[in-house]
Amino acid sequence: MTKEFYIRDTAQVARDLLGKILVRKTAEGITKGMIVEAEAYYGELDPASHAYKGRRTPRNEAMWGPPSYAYVYFTYGMYYMLNVVTGKDGEARAVLIRAVEPLEGIELMRKRRKKKLESLKFGVKNSKDDLRELTNGPAKLTQAFDITRKENKIDMINSDLKIEENRGGLQSSFTIVACPRIGIKQGTEKKLRFYIDENLFVSKVIFKKGGVNVTS
DNA sequence: CGATAGATATCT
DNA sequence: GATATCTATCGA
């Protein structure tokens with residue numbers, strides 16, 4: 001993707017990221033996945049954002065920086081979340097990548113997810129042999145793609161972590177659903193979460209209020 | 001399904 | 001000291 005792509009309105013970027021390819025290269029190998037779910041965060045203006053009312057700390061510093069950079073943060077004592085910064089430099093806007101559909105490096109994703117599970121003190125239950133379990137959530141996909149604090153502030157236009165145009169032509173058209181964002185306590189009225197309708201890898205489908213279909 | 005424990009960096 | 005853009009498990 002180009003710099004211009006990310007400079008635009010955050011919700012627009014979130015929508016347009018659906019169907020694009022998240023690519024990750026490490027010494028272990030390469031993993032790829034199609035983005036199927038994303039949320040927009042409007043920094044200073046957004047009660048749900050880490051940068052609400054201009055809060056600027058070492059942790060959320062990346063949000064304030066230039067577009068196309070990664071904002072990776074650690075939360076709940078064990079999880080990393082991946083965002084891409086949008087808007088103009090100095091604006092604190094970002095898109096949270098919430099789910100992808102695995103395309104390449106699936107065995108590697110399995111290995112990484114399994115390793116993480118075993119490191120937790122849970123009772124290492126049987127791993128459900130379900131592809132969806134690899135990447136259908138923001139903290140799951142960062143495990144599967146080995147994304148941690150180290151990837152914070154790297155430019156996602158051309159790095160070992162980047163987003164590419166979908167050239168494979170797989171699923172060229174789809175319906176986009178817009179609904180409230182997940183896991184927030186304020187700013188729930190706005191429909192800033194977008195996902196590909198009917199896609200199996202979407203983290204959570206909201207039946208309650210339903211979403212709005214926005215075909216692009 | 002719904003409820004809750006889990007672990008810790010970061011902020012107030 | 002409280003909180004967090006969550007996940008896995010357990011119980012009904």
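Bear in mind the structure is a predicted one, so any value in this text is a computation, not a measurement. Reminder, nothing fancy here: chain letters follow the sequence lines and each chain counts from 1. We use all heavy atoms of the structure for the numbers below, so side chains are in, but hydrogens, waters and symmetry mates are not.
Taking atom OH on Tyr52(A) and atom C1' on dT3(C), their separation rounds to 18 Å, with Å as the unit. Taking atom OH of residue Tyr80(A) and atom P of nucleotide dA7(B), one finds them 15 Å apart after rounding to whole Å. Rounded to whole Å, the distance from CZ on Arg149(A) to P on dA9(B) is 8 Å. We find that NZ of Lys114(A) is positioned 19 Å from C1' of dT7(C), with the value rounded to whole Å. Between Lys185(A) atom NZ and dA2(C) atom P there is a gap of 14 Å when expressed in whole angstrom units. Nucleotide dT9(C) holds its P atom 11 Å from the CD atom of Glu118(A), rounded to whole Å. In this structure, CG of Leu117(A) is placed 14 Å from P of dA7(B), rounded to the nearest angstrom. Following rounding to the nearest Å, Lys115(A) (NZ) and dA8(C) (C1') show an atom-to-atom distance of 19 Å.
Using a 4.0 Å heavy-atom cutoff across all strands shown, Arg113(A) reaches sugar-phosphate atoms only and no base atom. At the heavy-atom level, Lys204(A) lies nowhere under 4.0 Å from the strands shown. Using a 4.0 Å heavy-atom criterion, one finds that Arg181(A) contacts no nucleic acid atom at all. Note on Phe74(A): only backbone sugar-phosphate atoms sit closer than 4.0 angstrom, heavy atoms only; bases stay farther off. Residue Arg56(A) is classed as having no contact, given no heavy-atom separation below 4.0 Å to the nucleic acid.
Centroid-to-centroid, the aromatic rings of Tyr71(A) and Tyr69(A) stay 6.0 Å apart or farther.
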| Could you write out DNA chain C as a dot-bracket string, with dots for unpaired bases, | for bases paired across to another strand, and Watson-Crick or G-U pairs counted at under 3.5 Å? | ||||.||||||.
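Counted by atom type alone, Gln143(A) and Arg113(A) present one or more donor-acceptor pairs between their side chains at under 3.5 Å. If you check the side chains of Asp146(A) and Thr26(A), you find no donor sitting under 3.5 Å from an acceptor. Residues Thr135(A) and Lys140(A) have side chains that never bring a donor and an acceptor to within less than 3.5 angstrom of each other. Looking at Arg112(A) and Thr142(A), their side chains never bring a donor and an acceptor atom within 3.5 Å of each other.
Taking 4.0 angstrom as the limit, Thr57(A) places none of its side-chain polar atoms (N or O) nearer than this to OP1 or OP2 of dT10(B). Contact between the side-chain N/O atoms of Arg55(A) and the OP1/OP2 oxygens of dT12(B) is found at a separation under 4.0 Å.
Salt bridge Lys115(A)/Glu118(A): absent, no basic N to carboxylate O contact under 4.0 Å.
In this structure, of dT12(B), dT10(B), dA7(B), it is dA7(B) that holds the atom nearest to the side chain of Tyr76(A). Closest to the side chain of Ala139(A), out of dA4(C), dA7(B), dT7(C), is dT7(C). Across dT10(B), dG6(B), dA8(C), the shortest atom-to-atom separation from the side chain of Glu133(A) is found for dA8(C).
Mapped onto DNA chain C by nearest heavy atom, Ser49(A) and Lys140(A) fall at different nucleotides, with Ser49(A) at the one closer to the 5' end. Heavy-atom nearest nucleotides on DNA chain C were determined for Gln143(A) and for Ile182(A), and the one closer to the 5' end corresponds to Ile182(A).
Both the sub-6.0 Å distance and the 45° axial angle are not jointly satisfied by Arg8(A) relative to the ring of Tyr6(A). At least one test fails for Arg59(A) against the ring of Phe74(A): distance under 6.0 Å to the centre or angle within 45° of the axis.
In this structure, Tyr79(A) does not pack face-to-face on the six-membered ring of dC6(C), missing the 5.5 Å centre cutoff or the 30° plane limit.
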